[in-house]
K.L.:
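The structure under discussion is supplied below as structure tokens; questions concerning it will follow.
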Amino acid sequence: MDLETGGVNAPLGRAGNGRSTKGIPVTLKRTDHCGCLRPGDVGRQVVLAGWVQSYRDHGGVVFVDLRDRSGVVQVVFHPEAAAAHALARQLRNEDVVLIRGAVTARGPKAVNPKIPTGWIEVVAEQIEVVNQAEPPPFLPSQPEAVNEDLRLKYRYLDLRRPEMTEALTLRHRVTKLMRDFGDEHGFLEIETPMLYKSTPEGAREFLVPSRLHPGAFYALPQSPQLFKQTLMVAGLDRYLQIARCFRDEDLRADRQPEFTQLDLEMSFVDREDVINLVTELLRRLWKQVLDVELATPFPRLSWRQAMDRFGVDRPDTRFGLELRDVSAAAAQTDCAVFQQALAAGGCVQMIAAPGAAGLTRRQLDQLTESARQLGAKGLAWLKLGGESEAGAMGGPIAKFIPAAVQQELRRLTGASDGDLLLAVADTREIGWRVLGELRSTLARQLNLIPPDRHDFVWIVDFPCLERQAGGRLVARHHPFTAPLDEDLPLLASRPEEARAKAYDIVLNGVEIGGGSIRIHQRQVQARMFALLGISPEEAQRKFGFLLDALRFGAPPHGGIALGLDRLVMLMLKRQSIRDVMAFPKTQSGADLMTEAPSPVEPRQLQELAIGVIAGPKRG
RNA sequence: GGGGGCGUAGCUCAAUUGGUUAGAGCAUCGGAUUGUCGAUCCGAAGGUUGCGGGUUCGAUCCCCGUCGCCCUCGCCA
């Protein structure tokens, strides 16, 4: 090939904007990826393919930063390669090019230590401009953050950014490892239907009209729960799926209408088997993807311990500020709010905020206000030490607390001078809720959360059931969760106290997965439905296929689902699961790139026997 | 459904107490430039201040409505 021709391209005619590159044949074939070249490649002839990230035209020498998925490398055009040089001078951001040249060591003064390829550059001999780009709405290399709605509209530009490429790459490595791990442990990857039966329990469903059955609908699955149990009855023993799930509820930074779970189910196992397997999976993920060695087994808390110590069932164990029940000490005070709460059968709970005795009255008022919004009647506070002498207590209620009880409170909470005690006197549940929330808020405010911690904890022994405001019992996990064997008798007498063979895995205060051992006996399942107020007819209508399956030889089985998006988000320390999904939706469920959801043709509705009551919103 | 924040040039932002011709950096276009890497230098172009209404002599600024995005409570495993 003639090095002087610089390829087959005619001049680009950039200024005239007659910019078609149609009909120009591509003759070069890629040999290497931009970001992978190293000093060891010096001397090699390579062909690179990628996008122009920036160009620096010095009149003579021209530099082009060429980017592909692997990274960026600097390409140099010298005037001696005249044709290539002439084309290079007309390059613009995000043009797509193929470049042939020699990998060359940079001179000592020309090294750029900021990029991995900064010790070498490619001296171009030939360039083919595959496709010219119009000036994009934003540049993938732009240092300032771009509005998220713009990023979502031009997602293909956004995904060119290294952070996004990194996220999708890591996500791929995570799912690949999950599949490999499952394969090693005897799991079969089995797909389950997306067009599914509507079972209006739990989350609101997306409905899909059936053309062949006018007036009837499929639902998109909230999860493959019932199918995976059915697969166990089928004797497939171990099932795994990277499963898409759909829930039509309001969105958050960590919630999308469609999201992904690692869903798995195993036969002839108990709780320990599932916990051990998932612990090993997580240990391996952190080791092989993040190069972090996790200490296993992970700590384990019963649901009740988690609530008593942290006020929530997904405790962030990276910091202290634990709740303490100080009811016994509070009973020995003359404090009216304490006495009233205790008399009403409630309790007094406290947290000790280290070094927070210096909070201003205004800050304390704000805490009190948020406590009220969370349902408390108020928030009592005590400053230890502070303005007065060491060992003293300050605050509006301090004078009602005898010295001996003050000492007892210090002992119970582990607080000392300079700390702040916050107390809620109310029902136990409100105390949990309020102090659990304040605990997180204070930890952030007081900077008590250590970075770079990976605090996993298993939460076990959840209550099976929960009594709703109206007095009705509902399943806390789902109605197929088996009670602990020793708690089976409680179902008849005190059902709220029965604990379940359920487990959640929590990382840094975020629930990343949950599962249970399922009921595999029809009689137990029938009792559970009865407790939940689901009549046999209703149960048969909604879950008949599973009840049938339980009659024909169901093995004991159980499983878990891990939220893949949240898991990857935490691994990458991103603030939103949208940043670890290729094509996420906005808070109102819109896809700004494709403009879904959109109105449809009347003909389509007619075919589906659907009438629309309210029209779509007008922009 | 409720609460809060944001919306100004293609992008990121500024604009004094409501005041005269709405500015800057990047991107774009033209020119210069042989070692840059957020290149540099000279020049140019670029605005329905999300949209609609109101108050005012005068609105980017104040008020009402509306649309969009984000955070959050409710909701949701």
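Labels below follow one simple rule: chain letters A, B, ... track the order of the sequence lines, proteins then strands, and each chain is numbered from 1.
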K.L.:
Distance check, C1' atoms only: B:G5 and B:G38, in whole angstrom units.
P.N.:
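About 30 Å, rounded to a whole number of Å.
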K.L.:
Expressed in angstrom and rounded to an integer, what is the separation of A:Asp57 atom CG from B:C29 atom P?
P.N.:
13 Å
K.L.:
Salt bridge (Lys or Arg N to Asp or Glu O under 4.0 Å) for A:Arg574 and A:Glu166? Distances and angles first, verdict last.
P.N.:
CA-CA 12 Å; A:Arg574 301 289 165 89; A:Glu166 180 200 16; 3.1 Å; yes
K.L.:
With rounding to the closest Å, how many angstrom separate the P atoms on B:C70 and B:U49?
P.N.:
25 Å
K.L.:
In whole angstroms, how far is the P atom of B:A39 from the OH atom of A:Tyr55?
P.N.:
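A:Tyr55 atom OH is separated from B:A39 atom P by 10 Å.
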K.L.:
Quick one, which residues of residues 431-446 of chain A touch RNA chain B with a heavy atom under 4.0 Å?
P.N.:
A:Arg433
K.L.:
Can you list the residues that meet the salt bridge (charged side-chain N to carboxylate O under 4.0 Å, His left out) rule with A:Lys542, with sequence neighbours excluded?
P.N.:
A:Glu201, A:Glu538
K.L.:
First locate atom CZ of A:Phe206, then atom CZ of A:Phe246, and finally report the distance between them rounded to the nearest 0.5 Å.
P.N.:
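Reported value, rounded in 0.5 Å steps: 8.0 Å.
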K.L.:
On the nucleotide B:A77, are OP1 or OP2 found under 4.0 Å from the side-chain N or O atoms that A:Tyr503 carries?
P.N.:
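No, outside the criterion.
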K.L.:
Output all residues satisfying side-chain hydrogen bond (donor to acceptor under 3.5 Å, both in side chains) with A:Arg518, sequence neighbours left out; order by chain, then residue number.
P.N.:
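Counting only residues at least two positions away or on another chain, A:Arg518 forms a side-chain hydrogen bond (donor to acceptor under 3.5 Å, both in side chains) with A:Glu265, A:His478, A:Ser516.
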K.L.:
Polar pairs (N or O, both sides) under 3.5 Å between protein and nucleotides 8-11 of chain B?
P.N.:
unit_1 : atom_1 : unit_2   : atom_2 : d
B:G10  : O2'    : A:Pro137 : O      : 3.1
B:C11  : O4'    : A:Pro137 : O      : 3.1
B:C11  : O2'    : A:Gln142 : NE2    : 2.5

K.L.:
Give a yes or no on whether a donor-acceptor pair under 3.5 Å exists between the nucleobase atoms of B:C75, that is its base, and the side chain of A:Arg247.
P.N.:
no
K.L.:
What nucleic acid atoms does A:Gly513 come within less than 4.0 Å of, heavy atoms only: base, sugar-phosphate, or nothing?
P.N.:
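No contact.
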K.L.:
With sequence neighbours excluded, what pairs up with A:Arg252 under the salt bridge (charged side-chain N to carboxylate O under 4.0 Å, His left out) test?
P.N.:
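Applying salt bridge (charged side-chain N to carboxylate O under 4.0 Å, His left out) to A:Arg252 gives none.
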K.L.:
At under 4.0 Å between heavy atoms, what does A:Arg204 touch on the DNA or RNA strands: base, sugar-phosphate, or nothing?
P.N.:
nothing
K.L.:
Between A:Gly589 and A:Arg255, who's closer to the 5' end of RNA chain B by nearest nucleotide?
P.N.:
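The residue mapped nearer the 5' terminus is A:Gly589.
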K.L.:
State which residues pass salt bridge (charged side-chain N to carboxylate O under 4.0 Å, His left out) with A:Asp591; sequence neighbours excluded, sorted by chain then number.
P.N.:
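Scan of A:Asp591 (salt bridge (charged side-chain N to carboxylate O under 4.0 Å, His left out), adjacent residues dropped) gives none.
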K.L.:
Give none if B:U17 has no partner; otherwise give the nucleotide forming a Watson-Crick or G-U wobble pair with it, both distances under 3.5 Å.
P.N.:
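Pair assignment: B:U17 / none.
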K.L.:
Using the test side-chain hydrogen bond (donor to acceptor under 3.5 Å, both in side chains), find all partners of A:Asp455 that sit at least two apart in sequence or belong to another chain.
P.N.:
A:Thr317, A:Arg453
K.L.:
Return the value, rounded to whole Å, for the distance between atom CG of A:Leu157 and atom C1' of B:A27.
P.N.:
13 Å
K.L.:
Does A:Gln373 reach a base, just sugar-phosphate, or nothing at all? Heavy atoms under 4.0 Å.
P.N.:
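A:Gln373: no heavy atom of the nucleic acid under 4.0 Å.
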K.L.:
If I pick the C1' atom on B:A27 and the same atom on B:C11, what distance separates them, to the nearest angstrom?
P.N.:
7 Å
K.L.:
When rounded to the nearest Å, what value does the distance between C1' atoms of B:C61 and B:A15 take?
P.N.:
10 Å
K.L.:
State which of B:U34, B:A77, B:C69 makes the closest approach to the side chain of A:Pro79.
P.N.:
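When the side chain of A:Pro79 is considered, B:U34 is the closest of B:U34, B:A77, B:C69.
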K.L.:
Rounding to a whole Å, what distance do you find between A:Gln256:CD and B:C69:P?
P.N.:
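After rounding, the reported distance stands at 12 Å.
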K.L.:
Under 4.0 Å, heavy atoms only, any strand: does A:Arg578 hit a base, just the sugar-phosphate, or nothing?
P.N.:
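It contacts sugar-phosphate atoms only.
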K.L.:
Using the C1' atoms only, state how far B:U20 lies from B:U12, rounded to an integer number of Å.
P.N.:
28 Å
K.L.:
In the strands shown, is B:U40 matched to any nucleotide by a Watson-Crick or G-U wobble pair with both distances under 3.5 Å, and which?
P.N.:
B:A32
K.L.:
If we take the P atom in both B:G25 and B:G58, what is their distance in whole Å?
P.N.:
34 Å
K.L.:
Quickly work out the A:Gln53 CD to B:C26 C1' distance and round it to whole Å.
P.N.:
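After rounding, the reported distance stands at 14 Å.
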K.L.:
Suppose we screen for side-chain hydrogen bond (donor to acceptor under 3.5 Å, both in side chains). Which residues come up paired with A:Glu121, at least two apart in sequence or across chains?
P.N.:
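A:Gln74.
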K.L.:
N/O contacts under 3.5 Å, protein versus nucleotides 35-37 of chain B?
P.N.:
unit_1 : atom_1 : unit_2   : atom_2 : d
B:G35  : O6     : A:His78  : NE2    : 3.3
B:G35  : N1     : A:Glu121 : OE2    : 2.9
B:G35  : N2     : A:Glu121 : OE1    : 2.6
B:G35  : N2     : A:Glu121 : OE2    : 3.0
B:U36  : O4'    : A:His58  : NE2    : 3.3
B:U36  : O2'    : A:Arg56  : NE     : 3.4
B:U36  : O2     : A:Arg56  : NE     : 2.6
B:U36  : O2     : A:Arg56  : NH2    : 3.1
B:U36  : O2     : A:Gln74  : OE1    : 3.2
B:U36  : N3     : A:Gln74  : OE1    : 2.8
B:U36  : N3     : A:Gln74  : NE2    : 2.9
B:U36  : O4     : A:Gln74  : NE2    : 2.7
B:U36  : O4     : A:Arg106 : NH1    : 3.3
B:C37  : O4'    : A:Arg56  : NE     : 3.2
B:C37  : O2     : A:Gln74  : OE1    : 3.3
B:C37  : O2     : A:Asn112 : ND2    : 3.2
B:C37  : N3     : A:Arg106 : NH1    : 2.6
B:C37  : N4     : A:Arg106 : NH1    : 3.3
B:C37  : N4     : A:Ala110 : O      : 2.4

K.L.:
Side-chain N or O of A:Gln587 less than 4.0 angstrom from OP1 or OP2 on B:C71?
P.N.:
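A:Gln587 to B:C71 OP1/OP2: side-chain N or O found under 4.0 Å.
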K.L.:
Could you tell me which non-hydrogen atom of A:Gly513 sits nearest to which non-hydrogen atom of A:Leu562, and how far apart they are?
P.N.:
CA-CD2, 3.8 Å
K.L.:
Does B:A24 have a Watson-Crick or wobble mate here (both distances under 3.5 Å), and if so which one?
P.N.:
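B:U12 is the nucleotide pairing with B:A24.
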K.L.:
Counting Watson-Crick and G-U wobble pairs only, both distances under 3.5 Å, name the nucleotide matched with B:C69, or none.
P.N.:
B:G5
K.L.:
How is A:Phe77 classified with respect to the nucleic acid when contacts are heavy atoms under 4.0 Å: base, sugar-phosphate, or nothing?
P.N.:
nothing
K.L.:
Side-chain donor or acceptor of A:Arg89 under 3.5 Å from a matching atom on the base of B:G31?
P.N.:
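No, the side chain and the base share no sub-3.5 Å donor-acceptor pair.
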K.L.:
Please work out if A:Asp313 contacts a base, only the sugar-phosphate, or nothing of the nucleic acid, heavy-atom cut-off 4.0 Å.
P.N.:
base
K.L.:
Under 4.0 Å between a side-chain N/O of A:Ser588 and OP1 or OP2 of B:C69, yes or no?
P.N.:
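Result: yes.
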K.L.:
Students often get this wrong, so: under 4.0 angstrom with heavy atoms, is A:Asp248 touching a base, only sugar-phosphate, or nothing?
P.N.:
nothing
K.L.:
Any pair with a residue in residues 143-153 of chain A that passes salt bridge (Lys or Arg N to Asp or Glu O under 4.0 Å), sequence neighbours left out, goes on the list, sorted by first then second residue, please.
P.N.:
A:Glu148-A:Arg578, A:Arg151-A:Asp158, A:Arg151-A:Asp579
K.L.:
side-chain hydrogen bond (donor to acceptor under 3.5 Å, both in side chains) with A:Asn147: which residues, sequence neighbours excluded?
P.N.:
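So A:Asn147 forms no side-chain hydrogen bond (donor to acceptor under 3.5 Å, both in side chains) with any residue.
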K.L.:
Counting only Watson-Crick or G-U wobble pairs whose two distances fall under 3.5 Å, which nucleotide matches B:G47?
P.N.:
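Partner of B:G47: none found under 3.5 Å.
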K.L.:
Once salt bridge (charged side-chain N to carboxylate O under 4.0 Å, His left out) is applied, do any residues pair with A:Lys501, and if so which ones, sequence neighbours excluded?
P.N.:
A:Asp485
K.L.:
Should A:Glu258 and A:Lys585 count as an ion pair when the cut-off is N to O under 4.0 Å?
P.N.:
yes
